[in-house]
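Here's the structure we're looking at; comments come further down.
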Amino acid sequence: MKYKKINHEANEQNDDLTVSRHRFIQASAALISIPFVSTRQAIAEEKTSQGSLPIHVIDAGETKVVPTCSTFDCGGRCDIRAHVREGVVTRITTRPDHELDEAMPIMQACIRGRGYRKFVYHPDRLKYPMKRVGKRGEGKFERISWDEATTIIVDKLKNITEKYGPACRYVSVNTAVIGGVSSGDKMLRRLLNITGGHLQFYHSVSMGNTAAATPYTYGVATSGSTLDTLEDTPLVILWGHNPAETIFGHSNHYFQKMKKNGTKFIVVDPRYSDSASSLADQWIPLLPTTDNALMDAMMYVIVSENLHDKEFINLYTIGFDEDNMPDGVPANESLVAYLTGAKDGIVKTAEWAEKITKVPANIIRQLAREYASTKPAALMQGWGPQRHICGERVARGSTILATITGNVGKKGGWAAGFGGIAGNKSLYGLDVGKNPVKEKISVMNWVQAADDASKVTPADGLVGADKLNTNIRILFSLAGNYLANQNPDINQAVKILADESKIEFIVSSDLYLTPSARYADILLPETSFMERWNIGFPWGTGSYFILSSKLIEPEFERRSDYEWIREVAAKLGVEQEFSQGRDEKAWIAHIMESNRQAMPKENLPTFEELQRTSKHLFKIPPYVAFEENIRDPENHPFPTPSGKIEIFSKRLYDMQHPEIPALSHYVPAFEGPEDKLTKKYPLQLITWKGKSRTNSTQYSNPWLKEVQTQKLWINPLDAQKRKIKQGDLVRVFNDRGVSMIPAEVTQRIIPGVVAMPTGAWWQPDKNGVDWGGCVNVLTSSRKTPLAHGNSHQTLLVEVNKA
Ligand SMILES: Nc1nc2c(c(=O)[nH]1)N[C@H]1C(S)=C(S)[C@@H](COP(=O)(O)OP(=O)(O)OC[C@H]3O[C@@H](n4cnc5c(=O)[nH]c(N)nc54)[C@H](O)[C@@H]3O)O[C@H]1N2
Ligand SMILES: Nc1nc2c(c(=O)[nH]1)N[C@H]1C(S)=C(S)[C@@H](COP(=O)(O)OP(=O)(O)OC[C@H]3O[C@@H](n4cnc5c(=O)[nH]c(N)nc54)[C@H](O)[C@@H]3O)O[C@H]1N2
Ligand code: SF4
Ligand SMILES: [Mo]
């Protein structure tokens, strides 16, 4: 069996998974099995808290404390200790302090991890397979048997595929299970590939704009290092990066360590985020989408004050000044020419940027001087600023700042982007086989491809063909809430979803009846990660993998996606080819074994060993992105056309696209602060990833709902103008939709901008007004110019008191 290696974050949508790093140091010991001291207490708590769940008979017996992890898409991969007794998880703890070890990241669970039990043992969890009985989207279902469910799926697969061909089959975004080496969605794609293929999408909704832009600077999409290389860094700029809430696990460990070591933190964010409050020495708020103006002015200050790293620029870059340009480009296109206004007459001074960004000019100068004169310094750009219509330019801009200050390839510096780890070896995931369907669409085009595929052209990002021959007719959504909730412009998407003459058949699997699952024709109750085996791994900056142990048997008629997909394969007559005789656990063992064979020198553990060890974590050595290219440029040129870091990109220049210029300079954004639409909708709205859920996963968890209630942050100045007081219900609206949500009047957000956490469930009334505080009734499906990617963060709204 052949395995393909990919980078994890960039490939939510791709056919295989990978652990983002490699040199695993083997370690072993016995599974921890300690007597549980307060069993009675736990049982008592369990009996009262399980609500309508069947009562488990729990009598005297040993409680086992089993290490495991979830496979959600939070970026962390924490070390969970599940207390299991008589087949029930009675308590969740995390890696105990006495096991902490300097060499390993802590990976103690965040609040979501500590609340996992309430996600798994929730009375609202789906229990049986169901089929739709009402209108699509109405949410009316009736219980059916698994046999009926798989028979319907087989019939629809056969009949609809016969009519339109395999390119009519589409598997939607499914991030809730991408933190493991295998998942139901990958198994489904394996089956679809065996039976003719399916229409695939590309573009990571998380960081696809960064992934598309970064190759124009460094030649590769990934530019991150491991966080353990930053322990002695004197300065970290968290640029739209909020690691105190996101990517919590290992990153929290390293950021706390840096803080202790005296690292200075500056946070550039329109919001006073939890990272600003817990780490920062300085918070620099700015208007969303204006990051490039701030970056341009920083570059101007650096260059005009002679603070740039001349030696580094000479040795490793192209496009800095007029003497250092690629052939065939007219005069005045270099960075210095742009900054000094040689072509457009505008000098990119701090005063110029102040007007655009609202950051005072003296603060811009201080930030620029501090970044350029502190050696090394790490400017870490998060993904919030690149999930904007200008996201590709922001991603390029931060790489150019890192370049002109000589922070690329240096320990303690940072190449600025954050898209996984460049040049790493990886653990290979499930082989889904080859997809015979060649055409691929951007994830932003699925609604259009379901509505009228003839309108999806190469100009819209169609690749592999000149046109699509068929609309999407069969839609699978396994472990995603992306049909409605997380997809931009929900109202536009659900019109197509509800129309049975468009998509003829929708299958959804989830743990809950989510706003997306309401559109299913067949709704399947999947097991949770606690009811399956897997191997989990954190995102790129982390450096280990970890066993995700099966803890409990599924209740009611819940089944893992693999099991029903295997049944479908049997009814289609391809069971042997599909399953190769393996059950789910055997697949995980097989994937581990294949990795051992592919990487004999790494001394990886067997799956059996992983289950027997308490040291089920594998630390790998620190990694600095582009270290080799900088140390030995002769033998390791950058994989760009010039072999250098490209400040000016000839490839972008040749595109002559005004929104993605050859340099990363500021261009006013659609629905940004300079758009004339601000007359009608004067406030910019952004979202952030809150601590109480991972996107919409765990939305129903009652403990987590108490931690962070869904509210709209609004500055007192904007609130006063609208007579909005603390806690008032407000109406947030634009031409795309209306959402009702309580107001949090707070100086934690810059005037002119409002914000809400992403992932609250969409709750439309009969007039289409959302009462759930779900931002995606307001967001736009406009695509970014280079990646054909998402711009979830760029939108204008007005807010009224309800
Ligand atoms: N707790 C938690 N953790 C998560 C997730 C979650 O839902 N909850 N989701 C996971 C997933 S799927 C992903 S992709 C990652 C996402 O990680 P990120 O994309 O980095 O997270 P966000 O919170 O969307 O954005 C980070 C910060 O960018 C700021 N921001 C927004 N617009 C701008 C702008 O124009 N300029 C600047 N400078 N800053 C801006 C936001 O206020 C926010 O504080 O997190 C992962 N981790
Ligand atoms: N406005 C706005 N929109 C955004 C974002 C934003 O920042 N702002 N972020 C975007 C990003 S980066 C992302 S990654 C997407 C995320 O969007 P999605 O990929 O849709 O992720 P979730 O919302 O977490 O939905 C996952 C679903 O899977 C279910 N689930 C959990 N575990 C399992 C399991 O084991 N099996 C099955 N079958 N189901 C399971 C959960 O209950 C949940 O309903 O949202 C995007 N949308
Ligand atoms: S950071 Fe992620 S893996 Fe860690 S406990 Fe929280 S949700 Fe789970
Ligand atoms: Mo994401």
Side-chain angles (χ1 to χ4, degrees), residues 9 12 70-76 110-112 119 126 172-178 180 183-185 204-207 238-248 267-276 284-291 294 381-388 390-391 394 418 477-483 485-488 508-512 514-517 524-532 539 560-561 669 672 684-700 749 753 755-759 761 774-776 778-779 790 792-795:
E9 299 90 334
E12 285 157 8
S70 81
T71 49
F72 296 152
D73 188 29
C74 60
C110 78
I111 51 162
R112 285 162 295 166
F119 172 72
L126 299 173
S172 176
V173 173
N174 64 297
T175 65
V177 288
I178 67 170
S183 67
D185 128 278
S204 154
V205 293
S206 304
M207 43 67 75
L238 297 173
W239 196 299
H241 187 31
N242 180 19
E245 287 188 280
T246 58
I247 321 178
F248 173 88
V267 168
V268 180
D269 197 311
R271 295 184 316 116
Y272 188 67
S273 65
D274 282 14
S275 301
I284 302 180
L286 81 176
L287 291 180
T289 72
T290 67
D291 299 73
L294 177 56
Q381 180 226 303
W383 297 347
Q386 62 86 62
R387 230 175 286 108
H388 270 288
C390 53
V394 179
F418 203 68
S477 170
L478 313 185
N481 191 4
Y482 202 81
L483 303 188
N485 225 78
Q486 295 305 102
N487 186 57
S508 193
S509 95
D510 204 296
L511 273 61
Y512 291 90
T514 65
S516 296
L524 304 172
E526 222 213 328
T527 48
S528 71
F529 69 90
M530 288 194 190
E531 295 138 352
R532 303 190 295 257
W539 284 358
S560 89
D561 283 341
Q684 289 184 271
L685 171 55
I686 53 170
T687 54
W688 81 95
K689 310 272 193 188
K691 59 175 89 52
S692 62
R693 47 184 183 255
T694 303
N695 300 304
S696 74
T697 295
Q698 298 222 62
Y699 170 77
S700 304
I749 186 134
V753 185
M756 60 170 99
T758 178
W761 278 10
C774 178
V775 71
N776 284 335
L778 302 160
T779 50
N790 60 335
H792 283 116
Q793 294 275 31
T794 316
L795 58 150

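Atoms within a ligand are numbered from 1 in the order they appear, just like the ligands themselves. For this chain, numbers begin at 1 and follow the sequence in order. In this text the structure is predicted, and so the values were computed from the model without any measurement.
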Sub-4.0 Å heavy-atom approach of [X] to ligand 2:
X: T71; result: no
X: V775; result: yes
X: Q698; result: no
X: S509; result: yes
X: Q793; result: no
X: W688; result: no

[X] heavy atoms, cut-off 4.0 Å: which ligand 2 atoms fall inside?
X: N776; answer: 1 (N), 2 (C), 3 (N)
X: L511; answer: 33 (C), 34 (C), 36 (N), 37 (C), 39 (N), 40 (C)
X: T694; answer: 24 (O)
X: T527; answer: 34 (C), 35 (O), 36 (N)
X: S206; answer: 12 (S), 14 (S)
X: T514; answer: 44 (O)
X: V173; answer: 19 (O)
X: V177; answer: 34 (C), 35 (O)

TODO: May I ask you to identify, for I686, whether its side chain, its backbone, both or neither come under 4.0 Å of ligand 1 on a heavy-atom basis?
DONE: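 Side chain only.
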
Open item on the list: For G75, state whether at least one heavy atom is located under 4.0 Å from any atom of ligand 1.
Closed with: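 Per 4.0 Å heavy-atom rule, G75 does not contact ligand 1.
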
Task: Close approach, R112 and ligand 1, non-hydrogen under 4.0 angstrom - done: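 The answer is yes, since R112 has a heavy atom less than 4.0 Å from ligand 1.
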
I'd like the name of whichever of [options] reaches closest to [atom] through any heavy atom.
atom: atom 26 (C) of ligand 1; options: G382, G240, G76; result: G240
atom: atom 23 (O) of ligand 1; options: E245, K689, H388, H792; result: K689
atom: atom 15 (C) of ligand 2; options: L126, V205, N174, L483; result: V205
atom: atom 12 (S) of ligand 1; options: T758, N695, T794, T175; result: N695

- [ ] Check ring-ring contact (aromatic ring centres under 6.0 Å, His included) between Y699 and all other residues, then give those that pass, not counting sequence neighbours.
- [x]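 Partners of Y699 under the ring-ring contact (aromatic ring centres under 6.0 Å, His included) test: W761.
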
Nitrogen or oxygen of [X] less than 3.5 angstrom from that of ligand 2:
X: S528; value: no
X: N481; value: yes
X: T779; value: no
X: Y512; value: no

- [ ] Step by step, work out the side chain to side chain contact (heavy atoms under 4.5 Å, CB included) result for N485 and N776.
- [x] CA-CA 6 Å; N485 225 78; N776 284 335; 5.9 Å; no

Nitrogen or oxygen of [X] less than 3.5 angstrom from that of ligand 1:
X: R387; result: yes
X: G690; result: yes
X: R271; result: yes
X: D269; result: yes
X: L286; result: no
X: G384; result: yes

Open item on the list: I'd like to know whether H388 forms a side chain to side chain donor-acceptor pair (under 3.5 Å) with T794, so could you lay out the CA-CA distance, the side-chain angles of the two residues, the decisive distance to 0.1 Å, and finally the verdict.
Closed with: CA-CA 5 Å; H388 270 288; T794 316; 2.7 Å; yes

- [ ] State the atoms of ligand 1, each with its element, that fall below the 4.0 Å cut-off from a heavy-atom position in W383.
- [x]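 Here the atoms of ligand 1 in question are 14 (S), 18 (P), 19 (O), 20 (O).
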
